[in-house]
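Data first, discussion second: the structure below is written as structure tokens.
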2 protein chains.
Amino acid sequence: MSKIAAAPTLEDVAKKAGVSTATVSRCLNAPDRVVAETRTKVMAAVTALGYTPNFAARVMAAKRTFTVGAIIPTMENAIFARGLQAFQEELHARGYTLLVASSAYKPEVEEEQIRALVARGADGLLLIGHDRAESVYDYLERQSVPTLVAWSYQAKARVPSIGFDNRAAMRGLTEAVIQRGHTCIAMVSGVCAGNDRAALRVAGWKDALLENGLADSATRIVETPYGIEAGAAAFANLMAGPIKPTAIMCGNDVLAVGALQKAHEMGMAVPKDVAITGFDDVELARIVTPSLTTVQVPHRDMGIQAARALVDMVENKRAGTSVQLETSIRFRASLARNTQ
Amino acid sequence: MSKIAAAPTLEDVAKKAGVSTATVSRCLNAPDRVVAETRTKVMAAVTALGYTPNFAARVMAAKRTFTVGAIIPTMENAIFARGLQAFQEELHARGYTLLVASSAYKPEVEEEQIRALVARGADGLLLIGHDRAESVYDYLERQSVPTLVAWSYQAKARVPSIGFDNRAAMRGLTEAVIQRGHTCIAMVSGVCAGNDRAALRVAGWKDALLENGLADSATRIVETPYGIEAGAAAFANLMAGPIKPTAIMCGNDVLAVGALQKAHEMGMAVPKDVAITGFDDVELARIVTPSLTTVQVPHRDMGIQAARALVDMVENKRAGTSVQLETSIRFRASLARNTQ
DNA sequence: TGTTAAAATGTAAGCGCTTGCATTGCGCGT
DNA sequence: ACGCGCAATGCAAGCGCTTACATTTTAACA
């Protein structure tokens with residue numbers, strides 16, 4: 001008659017190995033503080049019982065989880081995947097586990113996720129972008145959870161960040177478009193509220209337009225939620241007016257792909273009839289036809305540096321310093337070499 | 001002089017509200033067991049202190065986490081994203097949190113992740129596909145963690161599954177290709193070891209070939225890791241021989257997109273020179289040019305049903321029953337309507 | 001061989017919460 | 001006005017682990 005087999009505990013292992021629970025614990029966490037012979041006995045008991053330490057108990061006792069949390073706006077598309085992958089690999093190499101949650105671009109969901117991750121004892125947190133309620137930062141401070149921002153660099157922000165200058169990057173790309181002879185340059189932006197990346201990209205686009213005397217272009221902007229369909233709709237919207245832009249710059253690659261699709265559907269040739277650009281350089285940008293001119297972001301490098309910085313903040317209780325990374329433009333088929 | 005503000009605990013709240021910790025706990029977990037006046041006091045204290053319950057402590061005491069874990073082979077591409085999204089939405093609606101980990105298609109990583117999730121107290125687990133070491137199932141049984149498999153349906157398997165018949169689906173698609181007049185039909189498969197979906201898709205492809213007297217085609221198969229590049233290389237590989245297949249069927253859409261790219265690069269027209277098919281019907285399949293003929297999988301439905309089934313298993317300690325879902329073929333441009 | 005310090009191990013006090021059970025307080029019937 | 005039953009609250013025992021401190025063992029030295 002087998003009794004209900006509750007998962008074995010440290011104590012079970014200790015009993016089986018004929019030692020104290022403290023010794024078993026040390027065996028697992030600091031093997032060199034235990035003599036080889038004992039260690040062997042204990043390990044045998046662990047294996048025999050199929051013991052797995054209870055994480056919650058360990059956390060409670062040790063007040064460390066070796067877990068860091070990341071909250072990203074979306075998992076549906078690959079924008080954050082590559083960087084996050086690198087982040088998690090680097091974390092893993094340093095003995096940390098990554099927990100990921102997604103906020104669906106909703107501030108209130110993000111806040112909920114932050115609390116969930118903190119409650120779960122995350123030793124540190126990675127957030128995307130700076131733009132969120134001050135109260136969130138207050139909370140994080142009170143809970144003293146080291147926090148780092150990625151995908152956006154802002155020197156004077158409340159928490160350190162590892163990222164790039166979204167504004168300058170977008171300005172650079174816009175200048176390139178202008179150089180190609182375009183004068184009517186519209187923009188499809190993601191939702192800017194609560195999203196500094198989106199807002200800064202719009203700002204960069206405007207910067208370039210104004211500097212080049214294209215102020216009238218600067219009103220031709222549509223803001224739309226994230227998604228291919230949304231990008232398509234926005235494109236149609238911009239093309240509906242009497243004056244059709246000759247270039248459509250999108251706040252991210254996903255929107256740009258939508259625009260590309262819609263252009264195709266509407267029988268407009270890209271880049272002949274209209275040039276289209278994206279931002280992020282996700283894998284998709286190379287795959288679509290025509291391939292997409294976009295801003296290349298150092299995803300992996302960002303992920304790795306973020307991991308290092310965050311672990312440093314966690315382990316040495318240091319404040320953490322911001323790092324600005326460089327972006328570059330990837331010229332591809334969706335923007336003509338020369339319009340004129 | 002402010003002392004180091006440790007995060008507030010239940011006791012702090014209790015003290016501030018002038019009640020016992022038990023009352024505060026009940027306020028949070030069973031508000032109706034506490035009289036309104038007290039509840040107000042307690043809630044005020046909670047807010048004032050910015051209290052967040054310590055999850056680990058709660059888990060230890062209650063032995064329930066209201067968390068379920070899912071381990072998917074990859075996050076890099078969208079194959080599992082849609083289904084997982086639905087899974088998590090349904091879970092959320094039922095008061096559960098989803099923790100996701102990815103195994104990079106490596107069995108040993110998967111096992112590690114399973115242990116990590118179990119140690120973290122996951123009340124239930126969602127795994128992709130049935131094919132893994134028996135010892136893993138032994139472990140799960142001993143820890144008595146309800147487990148469900150998705151993306152593959154196998155009635156006689158050790159744990160219940162919500163999925164579809166990969167073999168029959170692939171056979172159906174292959175038959176459609178044969179009907180189009182193709183006789184030299186090669187396959188690019190994902191790695192089959194430890195991946196029943198991949199293996200079953202290959203089996204389905206072979207079934208159709210053999211039934212239609214195309215046995216010689218059945219040797220024209222390349223197995224390759226997951227990824228667009230890998231798909232491209234596999235395509236080139238298959239086209240390198242003296243006899244060029246007129247149709248290339250891929251084990252998933254990502255490989256198919258790679259094949260598509262390579263065909264383009266090699267100057268082969270799709271579907272005129274070579275037809276290409278995928279499997280999964282991810283968003284990408286509609287976006288590439290030409291769009292991809294593929295097997296549509298009921299991602300969202302699968303996710304929702306999986307969530308319901310798993311929660312049922314967790315809450316009612318029921319064994320859980322398997323459900324088979326239907327797939328259908330999405331005919332698109334990459335497979336000619338009629339070759340002859 | 002006796003001392004003593006260092007190494008190995010054991011003891012037991014929590015970590016912050018939930019919950020069974022004991023206690024208190026209240027409204028009601030008589 | 002009294003006792004009853006039930007609702008509201010408090011008390012305190014863990015949950016499984018880590019770790020400071022106490023104790024025992026070992027080994028090294030005179």
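Every chain is numbered from 1 and lettered A, B, ... according to where its sequence line falls, protein lines coming before strand lines.
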| task | Would you mind telling me which of C:dA8, C:dC17, C:dT18 lies closest to the side-chain atoms of B:Thr9? | result |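 Selected nucleotide (nearest to the side chain): C:dC17.
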| Through what angle, rounded to 10 degrees, does the axis of the helix from C:dT1-D:dA30 to C:dT30-D:dA1 turn between its ends, using five pairs per end? |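 Helix axis angle between the two ends: 40°.
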Over all strands shown, is [X] touching base, sugar-phosphate only, or nothing at heavy-atom distances under 4.0 angstrom?
X: B:Tyr51; value: sugar-phosphate
X: B:Ala62; value: sugar-phosphate
X: B:Val34; value: sugar-phosphate

| field | Value rounded to 0.5 Å, distance of CG in B:Leu117 from CD1 in B:Ile71 | value |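 Result: 5.0 Å between the selected atoms.
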| task | Name all residues meeting the side-chain hydrogen bond (donor to acceptor under 3.5 Å, both in side chains) criterion together with B:Asp123; count only those two or more places apart in sequence or in a different chain, and write none if there are none. | result |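 Testing B:Asp123 for side-chain hydrogen bond (donor to acceptor under 3.5 Å, both in side chains), a comparison that skips the adjacent residues, returns B:Arg64, B:Thr65.
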Are [X] and [Y] packed together at the side-chain level, in the sense that at least one heavy-atom pair is separated by less than 4.5 angstrom?
X: A:Arg197; Y: A:Pro73; result: yes
X: B:Glu110; Y: B:Leu127; result: yes
X: B:Thr67; Y: A:Arg120; result: yes
X: B:Glu108; Y: B:Glu112; result: no
X: B:Tyr153; Y: B:Met302; result: no

| said: Both B:Thr38 and A:Met60 contact DNA chain D. Taking the nearest nucleotide for each, which residue is further toward the 5' end? | reply: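 It is B:Thr38, whose closest nucleotide lies nearer the 5' terminus.
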Please report, to 0.1 Å, the donor-acceptor pairs under 3.5 Å made by any side chain of residues 79-87 of chain A, with sequence neighbours excluded.
| from | atom 1 | to | atom 2 | distance (Å) |
| --- | --- | --- | --- | --- |
| A:Arg82 | NH2 | A:Asp281 | O | 2.9 |
| A:Gln85 | NE2 | A:Glu89 | OE2 | 3.2 |

How many Å lie between [atom1] on [X] and [atom2] on [N], as a whole number?
X: A:Leu10; N: C:dG14; atom1: CG; atom2: P; result: 19 Å
X: B:Leu28; N: C:dT18; atom1: CG; atom2: C1'; result: 12 Å
X: B:Phe66; N: C:dT18; atom1: CZ; atom2: C1'; result: 13 Å
X: B:Arg64; N: C:dT18; atom1: CZ; atom2: P; result: 14 Å
X: A:Asp32; N: C:dA7; atom1: CG; atom2: P; result: 12 Å

| Using a heavy-atom distance cut-off of less than 4.0 Å, which residues of residues 12-21 of chain B contact DNA chain D? |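 Result for residues 12-21 of chain B: B:Val19, B:Ser20, sorted by number.
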List every contact pair, protein side and nucleotides 25-28 of chain C side both N or O, where the distance is under 3.5 Å.
none

| field | Outermost DNA chain D nucleotides near chain B [under 4.0 Å, heavy atoms] | value |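 Range of nucleotides touched by chain B: D:dA8 to D:dG16.
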Using a 3.5 Å cut-off and no angle test, enumerate the donor-acceptor pairs between side-chain atoms of residues 55-63 of chain B and protein atoms at least two apart in sequence or in another chain.
| from | atom 1 | to | atom 2 | distance (Å) |
| --- | --- | --- | --- | --- |
| B:Arg58 | NH1 | B:Asn29 | OD1 | 2.8 |

Could you pull out all donor-acceptor pairs under 3.5 Å where a side-chain atom in residues 6-18 of chain A meets a protein atom, sequence neighbours excluded?
| from | atom 1 | to | atom 2 | distance (Å) |
| --- | --- | --- | --- | --- |
| A:Thr9 | OG1 | A:Glu11 | N | 3.2 |
| A:Thr9 | OG1 | A:Asp12 | N | 3.4 |
| A:Asp12 | OD2 | A:Thr9 | N | 2.8 |

| Can you list the residues that meet the ring-ring contact (aromatic ring centres under 6.0 Å, His included) rule with A:Tyr226, with sequence neighbours excluded? |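 Checked A:Tyr226 against ring-ring contact (aromatic ring centres under 6.0 Å, His included); matches are A:Tyr105.
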| query | Is the shortest side-chain N/O distance from A:Thr23 to OP1 or OP2 of C:dG10 below 4.0 Å? | reply |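 Yes, because at least one side-chain N or O of A:Thr23 sits under 4.0 Å from OP1 or OP2 of C:dG10.
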Taking distance alone, no hydrogens or angles, what donor-acceptor pairs closer than 3.5 Å link side-chain atoms of residues 36-45 of chain A to residues at least two apart or in another chain?
| from | atom 1 | to | atom 2 | distance (Å) |
| --- | --- | --- | --- | --- |
| A:Arg39 | NE | A:Pro31 | O | 3.2 |
| A:Arg39 | NH2 | A:Val34 | O | 3.1 |
| A:Thr40 | OG1 | A:Ala36 | O | 2.8 |

| Test salt bridge (charged side-chain N to carboxylate O under 4.0 Å, His left out) applied to A:Arg26 - qualifying residues, sequence neighbours left out |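 Salt bridge (charged side-chain N to carboxylate O under 4.0 Å, His left out) list for A:Arg26, sorted by chain: empty.
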| request: Identify, with sequence neighbours excluded, every residue that meets salt bridge (charged side-chain N to carboxylate O under 4.0 Å, His left out) alongside B:Asp138. | output: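 Salt bridge (charged side-chain N to carboxylate O under 4.0 Å, His left out) check on B:Asp138 returns B:Arg158.
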